[in-house]
Structures are given as structure tokens and as C-alpha cells.
Amino acid sequence: MDTRIRQLHRWLSVAFTVTVVITFVALAQKDPIAWVSYVPLLPLALLLISGLYLFALPYLRRRRAVARPR
């Protein structure tokens, strides 16, 4: 499960980078479309969620290990 989330996080970072590049190109046009600047927000929000999970993962594992006596 954790490896899938790490892989998803990596691919989301690629998607975010691509959307940022596309946004820069679209906004550099003569008559830019304003809503294009909102395109990177979805991958960014998903990156935030997966990144926070990956950040909290070691703490959650430690808490589970302490709660479960061997």
C-alpha cells in the first residue's frame, strides 16, 4: 500500500510539473485564458494529500508499534 502511494506521489509530481509548464505557455500567449491558471491546482491538492500521508507514515508506524506489545 505504501509503495503504491509513493509511486502515485511521484506521478502526481510529474503531472503537476507538466500542468505548470502548460500554464506558463498558455499565459504567455497574446490573449491568455484566465482559467488556465487554475489547472495545476488539482494535482497540487493531490500532492498535498499524498505528501502529508507520507510525512505522517513513520509517526503512525511508531505509534502502532508502541501500542502493540510483542
Side-chain angles (χ1 to χ4, degrees):
M1 176 73 176
D2 298 338
T3 57
R4 288 184 183 178
I5 292 182
R6 288 183 196 283
Q7 192 68 29
L8 174 70
H9 188 76
R10 288 184 192 123
W11 281 107
L12 284 172
S13 67
V14 170
F16 175 70
T17 304
V18 168
T19 58
V20 168
V21 170
I22 289 171
T23 301
F24 272 101
V25 170
L27 292 178
Q29 301 300 316
K30 190 172 186 178
D31 291 326
I33 304 170
W35 63 265
V36 173
S37 61
Y38 297 114
V39 172
L41 292 180
L42 178 62
L44 183 62
L46 295 174
L47 269 172
L48 174 69
I49 293 167
S50 63
L52 287 174
Y53 174 78
L54 290 172
F55 177 78
L57 197 58
Y59 301 105
L60 295 173
R61 283 185 183 158
R62 201 173 306 150
R63 179 177 279 181
R64 288 180 194 150
V66 169
R68 183 177 12 140
R70 290 183 181 219

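Because the structure is predicted, anything quoted here is derived from the model rather than measured.
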Reported [atom1]-to-[atom2] distance for the pair [X] and [Y], which is rounded to 0.5 angstrom:
| X | Y | atom1 | atom2 | value |
| --- | --- | --- | --- | --- |
| Leu12 | Thr19 | CG | OG1 | 10.0 Å |
| Leu52 | His9 | CG | NE2 | 9.5 Å |
| Leu8 | Thr3 | CG | OG1 | 11.0 Å |
| Leu54 | Leu47 | CG | CG | 10.0 Å |
| Tyr38 | Leu44 | OH | CG | 14.0 Å |

Is the shortest heavy-atom distance from the side chain of Asp2 to the side chain of Leu57 under 4.5 Å? yes
Is there a side-chain contact between Arg10 and Gln7 (heavy atoms, below 4.5 Å)?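 They are in side-chain contact.
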Heavy atoms only: give me the nearest Ser37-Thr23 pair and the separation to one decimal.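 Closest heavy-atom pair between Ser37 and Thr23: CA-CG2, 3.8 Å.
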Same cluster for Ile33 and Val39 if Ile/Leu/Val/Met/Phe/Trp/Tyr side chains link at under 4.5 Å? yes
Are Phe16 and Leu41 connected in the hydrophobic side-chain network, where two residues link if heavy atoms are under 4.5 Å apart? yes
Tell me whether Phe24 at atom CZ has more than 12 heavy atoms from other residues, nucleotides or ligands lying less than 6.0 Å away. no
